[in-house]
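Notes to accompany the following structure.
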Protein chains: 2
Amino acid sequence: MARNKEQNEKMREERKQQIRSGALRQFATKGLFATKIKDIADAVGMAQGLVYHYYKSKDEIYVELIKNALNKMNEAVISLKEMSLPPHEKIRLAIEQLLKTIDTSDDFIQTCRLIAHATSSTAIPEEAKKLIQEKRDLPYQEVAKIMAQGQEEGTIIEADPNELAIVFWTSINGLAIYKATRQDSTAIPDARILINMFMERTGEKSCRV
Amino acid sequence: MARNKEQNEKMREERKQQIRSGALRQFATKGLFATKIKDIADAVGMAQGLVYHYYKSKDEIYVELIKNALNKMNEAVISLKEMSLPPHEKIRLAIEQLLKTIDTSDDFIQTCRLIAHATSSTAIPEEAKKLIQEKRDLPYQEVAKIMAQGQEEGTIIEADPNELAIVFWTSINGLAIYKATRQDSTAIPDARILINMFMERTGEKSCRV
DNA sequence: TTTTTGATTGAATGTTCATTCAGTATATTA
DNA sequence: TAATATACTGAATGAACATTCAATCAAAAA
C-alpha cells in the first residue's frame, strides 16, 4: 500500500472519522460521562490504546463532534437563508425537510441527541461550552428573520418573530428527541401540523362561509 | 426534641426530601454519571457518608426522583382529563398552564431536564428504564383522546389525534429544555402561538372576506 | 536485505469515585 | 447517672477507568 505523506494523512483522517462515527453513537445514547473509551474502541473494533494514537483524550473527540454538529446545522441554516424562495415557502420547506430527515437519517437523530445532551448538561468540556455559546444562536436568528419577512408579506402569522423562531426550533428539537427515544417504527407527525402553526390563514379553505 | 417512632420517621423523611431536592438539581444539570455523591452531599450540606444513612446508593436516589417526576406528570394529566371543560378549552388551559409553569417554576424545569436526560440516555438504572417504559405513554394517550373529542366537536383541527398529541408534548418539552439552557431571562413564547396550532379556525377573524 | 516509520496491542499506572466503616456526638429512656 | 439508639463525620477500601507505555507488527524506503 502506498505510503507517501498525503496517503498517510488521508488514511489517518479516515481512521479518525471511524472513531468519531463510533463515538457519536455512544455519546448520543449515553452522554459523555457514561461513555467509556473502551466502548468507543469496541464500537470501532480497535484496542483501547489505539484511540489515543488518534485523539489526545475523550474530551477531544467529544469537542470535535460537537463542533461538527454545530457547523453542519449552521451551514444548513445559511443555505436555507440563501435560497430564492418566498419566506413562507422557506419555512414550509425547512419543516418538511427536517421532519423527513428525522424520520430517515439515523445519523441526524444521533447528532440531535448529542447536541441535546451537550446543551442541557453543565458537565461538558469548557471548549464545548464555548462552541455552543458561540454557535447555538444563529439558527434562531436566521429563522426569526425569515419569519419577519413572511410577516411583511402577510404570509406568516403576527407574533414576535423571535418567539416564532423559538417555537420553530424547540418543536423540531422536541420531535427529534422523541423519535430518538422510541426505537420502534413510531411515525413522525404530518409536517402540515407544524407548518400550519406559522402560516397566516388568508383564504377560503379554512373558512366556513 | 421528641423522639418517638413517628417523629423519628417524619424527621427521617424530611432529611430524605432534602437529599432528593439537592440531588434533583445535580442530576438535572449534569446527569447521573457526572453527578458525584460528594456533589449531592455538598448541596445538602452533609458529609458524604451520611447520604448512605438515608439511601442505599446513588442509583436509588435517582430512581426515586424519576418515579416522583413521572407520577406527578401523570397525576397532572389525569386531573386535566377529569376537568369539566370542552376539549379545546382543556388544550388551551394545559398549554397556558404549562408555559406559565415553565416560566416560573425552577423545580418544574429541573424535573423536565431530569426526565429528558433519563429518557434520552440508555445509561440509567434498569429500574428507571422500567418506570419510564411504564409511565411515559399515559400523557400522550390522554392528550390524544382530548384531541379526538375536540375534533368531534369541530374545535380541533383534523389530523391524526396521536400525531397531535406527539406535537403537543414534544413542543412543550422542547420549550422546557430551551428555557433550562438559557440561564438569563429569556422569555417563553406567547401561548397563543402553540394554542393556534391545534384550533380549528371557524370564523370571520382569520378570513379576508 | 536492513532500516525506518507508523499502526497496533494489551498490560501498567495513577486517579477518581462509590461505598463501607470505625468512631464521635447527641438525645432519649431507664 | 448509665444504657441505648440514631445522626453524623471523614478516613479507608476497592473497583472502574482514562491515560501511558513497552513491545510487536507490517509496509515502504534504502
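FYI, side chains are in, hydrogens and waters are out, and symmetry mates aren't considered; it's all heavy atoms of this structure. Just so it is clear: chains get the letters A, B, ... in the order the sequence lines come, proteins before strands, and each one is counted from 1.
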Practice problem: Would you indicate what A:Tyr54 reaches in the nucleic acid, counting non-hydrogen atoms under 4.0 angstrom: base, sugar-phosphate, or nothing? | Solution: sugar-phosphate

Exercise. Using a heavy-atom cut-off of under 4.0 Å over every strand shown, decide if A:Phe33 touches base, sugar-phosphate, or nothing.
Key: nothing

Integer-rounded Å distance: [N] [atom2] and [X] [atom1]:
X	N	atom1	atom2	result
B:Asp59	C:dC17	CG	C1'	14 Å
B:Ile40	C:dC17	CD1	P	13 Å
A:Lys16	C:dG6	NZ	C1'	15 Å
A:Asn8	C:dG6	CG	C1'	7 Å
B:Lys30	C:dC17	NZ	C1'	13 Å
B:Lys38	D:dT9	NZ	P	12 Å
B:Met11	C:dA27	CE	P	10 Å
A:Gln48	D:dC17	CD	C1'	8 Å

Quiz item: How many angstroms lie between NZ in A:Lys30 and OG in B:Ser121, if you round to the nearest 0.5 Å?
Solution: 9.0 Å

Among [options], the one nearest [X] by side-chain distance:
X	options	answer
B:Leu50	D:dT9, D:dC17, C:dT19	D:dT9
B:Ile37	C:dT19, C:dG6, D:dA18	C:dT19
B:Lys58	C:dT19, C:dT8, D:dT19	C:dT19
A:Ala47	C:dT19, C:dG10, D:dA7	C:dG10

Self-check item: Aromatic ring proximity A:Tyr62/A:Tyr55, centre distance under 6.0 Å
Solution: no

Within the pair [X] and [N], is there a side-chain N or O less than 4.0 Å away from OP1 or OP2?
X	N	answer
A:His53	C:dA7	yes
B:Tyr52	C:dT19	yes
B:Arg15	D:dC8	yes

Practice problem: Specify the residue among B:Gly49 and B:Arg12 whose closest nucleotide of DNA chain D lies further upstream toward the 5′ end. | Solution: B:Arg12

Quiz item: Which comes earlier along DNA chain D counting from the 5' end, the contact point of A:Leu32 or that of B:Val51, where each point is its nearest nucleotide?
Solution: B:Val51

Quiz item: Between A:Arg182 and B:Asp137, is there a salt bridge with N-O shorter than 4.0 Å?
Solution: yes

Quiz item: Is any side-chain heavy atom of B:Lys145 closer than 4.5 Å to a side-chain heavy atom of B:Lys81?
Solution: yes

Exercise. Using modelled atom types only, decide if a donor and an acceptor are shared between the side chain of A:Thr170 and the backbone of A:Ile166 within a distance under 3.5 Å.
Key: yes

